[in-house]
Number of protein chains: 2
Amino acid sequence: MPQGRRGAPRAVTIADVAREAGVSRATVSRAINDSDLVTAETKRTVQEAITRTGFVMNARGRALATGRAETVGVLITEPLDELFDDPTYGRVLRGVAEGLLGSGFLPVIIQASSESERALALRSFGRRSVDAVIHLTPYRGSDLLGSLAGAGLPVVLCGQLVDSPYEGIFSTVYSDDVRGARLAAQRVATAGRHQVAAVLGPADNPATGDRLRGYEEVLGARLDPARVVHTRWDSAGGLTTTARLLVAHPGIDAILAGSDRIALGALAALQAAGRRVPEDVAVVGFDDHAIAASASPPLTTIAQPLVEEGRIAAQLALEMINGADPRTEVLDMRLVPRLSA
Amino acid sequence: MPQGRRGAPRAVTIADVAREAGVSRATVSRAINDSDLVTAETKRTVQEAITRTGFVMNARGRALATGRAETVGVLITEPLDELFDDPTYGRVLRGVAEGLLGSGFLPVIIQASSESERALALRSFGRRSVDAVIHLTPYRGSDLLGSLAGAGLPVVLCGQLVDSPYEGIFSTVYSDDVRGARLAAQRVATAGRHQVAAVLGPADNPATGDRLRGYEEVLGARLDPARVVHTRWDSAGGLTTTARLLVAHPGIDAILAGSDRIALGALAALQAAGRRVPEDVAVVGFDDHAIAASASPPLTTIAQPLVEEGRIAAQLALEMINGADPRTEVLDMRLVPRLSA
DNA sequence: CTGTTAGCGCCTTCAC
DNA sequence: GTGAAGGCGCTAACAG
């Protein structure tokens, strides 16, 4: 019964239910919230009145009374259409949804790519439209983080921030890039490779530095700084950069790529140069992107536990909503061995 | 000043501002909402008190008083990884955001791919957490639509529903698949193609039927029913299906594909069969997906005005929130001529 | 133009 | 266990 889609004939409230059930509004409220101050008997009476009247709890009244909207905002600051070939966020989001399930809190995704959208989102946070914010794409530099801190509501960052300038203010969850990079480096080290190269992502990205550090820790002199280069995250960058690298350093026998897409480009460059993978040159990617498994040869790579990251972000958000102090969770990455190394 | 991230020392309310400014709460409220019942002078006084106290409007109180949360839910029932896979939704979302800009309403994306998430979303709609819902992926059959109708709040559907069973209840915006298909068909007809084939998407998808109808209207006998086949939306489906089709009907001189991804598969199949495009066989895609422009040869295709679709959906939602009756807007598709036909 | 007075729908002490 | 009463923060109708 699509009752009154216009004119909204005045919604059913707990007062109506109370009248119908012959009890007070307080009792209805208690029954709804399953308080054990109410007889099972009374609860049933109320329940019947609810179905008879078609009562649905109004979230606004409840939010005002309880002080919580029972929603968690998931903030995405990158344009959605630019993320289309990056399943990362989808996975994290799935984790957030799972982590919130059963808590009574609903995740609402808030996209704020433009400056005006960001301002809108911030205003809405300040106004307490949501009880907490999970920020999927935190970046240093951005003044957004400062504004979020000023908004004075619980915030969880997905991703590591260099120097942790907001430690003690925001909760953080991230996968340890240094340790992930160590796994990649160990793979080529135990395979006896000695002339290792690194084709990293942009130098200003925090993950890049961490990954390089992990490589260096394990490989030492096997990773000559001359063979460490930076490029864009995509495969075109990996292709041209690797091609140049092979000319300058023909003896390279392993390539640690900053991302799977870069690795894909590297594979193409190696093939063009007539090198066999992994016989002549081993290649290790990063991310376990969908393209890694279907590359030829299938790409050995490092997987981040994205879904778990989201799940833990949700958990941290709920904790802070309940008054806990912010804290940081670091997750482990995992080597996914395939054929390329 | 990251003031009190815990313990929330009691937020500043209009009462505090009123006291500070030496006016009544009502006046503060009016000043905030820029009512012209307030002197510019008084407004300034209030404004100063606001900055001095650091007041931020509480959305919950306002929502309860006004009866609107000033948010529009954007419902996505497909798994988000597909959202990020398919730029379609991203574009529509961008349009929604644009259409809502300046209205004071904030779009919140609600993902409901699993059954439990759907139930959660519906409950939240019933409770009036949002003022309207824009449903990006409506499908007949789904009982979700019935539940939405029962939730009794304004709903806008993005996409055509066969037989419009909810006409007069939901607003709808869609691009006319029939007319789009006619454009594709005319392209190959004027090019003098006589043995046209159609490699469509799944038969149970409403768009599929419409597109076929458009093709038939224009091509008549040139599109022999024997050369009309169905497959999945992706390129693998296009590849195998087209390959089979070419064996059964070697004389085919044009292929109308149900999507650009299907078209991409068709291109591969044609190349494998040694046919040149467009000399031997013309190919027209559908959607103007990003891959269309970079295909070889670049794909002639049909573009849906996705951003505008979103913008109009937002507009329809706002209209209905303000009491207007639901209505339907049909947008025009556009031929994007490239080299494949 | 501004202040006073009621609510919006729910939850929560405080009595009984 | 249940009811009565007050309040969450804001807006709106009614006086002045």
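So that the names make sense, note that chain A is the first sequence line, chain B the second, and so on, each numbered from 1.
Not counting sequence neighbours, the partners of B:Ala15 by the side chain to side chain contact (heavy atoms under 4.5 Å, CB included) test are B:Thr13, B:Arg19, B:Arg25. Legend: residues meeting salt bridge (charged side-chain N to carboxylate O under 4.0 Å, His left out) with A:Glu167, ordered by chain and number and at least two apart, are absent. In terms of the side-chain hydrogen bond (donor to acceptor under 3.5 Å, both in side chains) criterion, A:Glu48 has no residue partners (sequence neighbours excluded). Scanning for side-chain hydrogen bond (donor to acceptor under 3.5 Å, both in side chains) contacts around B:Ser175 gives B:Glu309, with sequence neighbours left out. A search for side chain to side chain contact (heavy atoms under 4.5 Å, CB included) contacts involving A:Ala65 returns nothing, not counting sequence neighbours. The side chain to side chain contact (heavy atoms under 4.5 Å, CB included) test applied to B:Glu115 returns B:Arg118, not counting sequence neighbours.
For residues 53-71 of chain B, every residue pair satisfying the salt bridge (Lys or Arg N to Asp or Glu O under 4.0 Å) rule, not counting sequence neighbours, is listed here: A:Asp131-B:Arg60, B:Arg62-B:Glu70. The side chain to side chain donor-acceptor pair (under 3.5 Å) pairs that include a residue from residues 150-162 of chain B are B:Gln160-B:Tyr174, where partners are two or more places apart or lie in different chains.
Along DNA chain C, the stretch of nucleotides lying under 4.0 Å from any heavy atom of chain A spans, 5' to 3', C:dG9 to C:dT13.
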With a 3.5 Å cut-off and sequence neighbours excluded, list the donor-acceptor pairs that the side chains of residues 95-106 of chain B form with protein atoms.
from, atom 1, to, atom 2, distance (Å)
B:Glu98, OE1, B:Arg311, NH1, 2.8
B:Ser103, OG, B:Leu100, O, 2.5
B:Ser103, OG, B:Phe105, N, 3.0

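Tested against B:Leu145 for a side chain to side chain contact (heavy atoms under 4.5 Å, CB included), the candidates B:Val155, B:Leu161, B:Ile169 yield a single pass: B:Leu161.
In the helix from C:dC1-D:dG16 to C:dC16-D:dG1, the end axes, each obtained as the rotation axis mapping the C1' atoms of four pairs onto the next four within a five-pair block, lie 40° apart to the nearest 10 degrees.
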Between protein and nucleotides 7-16 of chain D, map the contacts as a letter string: B base, S sugar-phosphate only, - none, heavy atoms under 4.0 Å, written 5' to 3'. -BBBBBB---
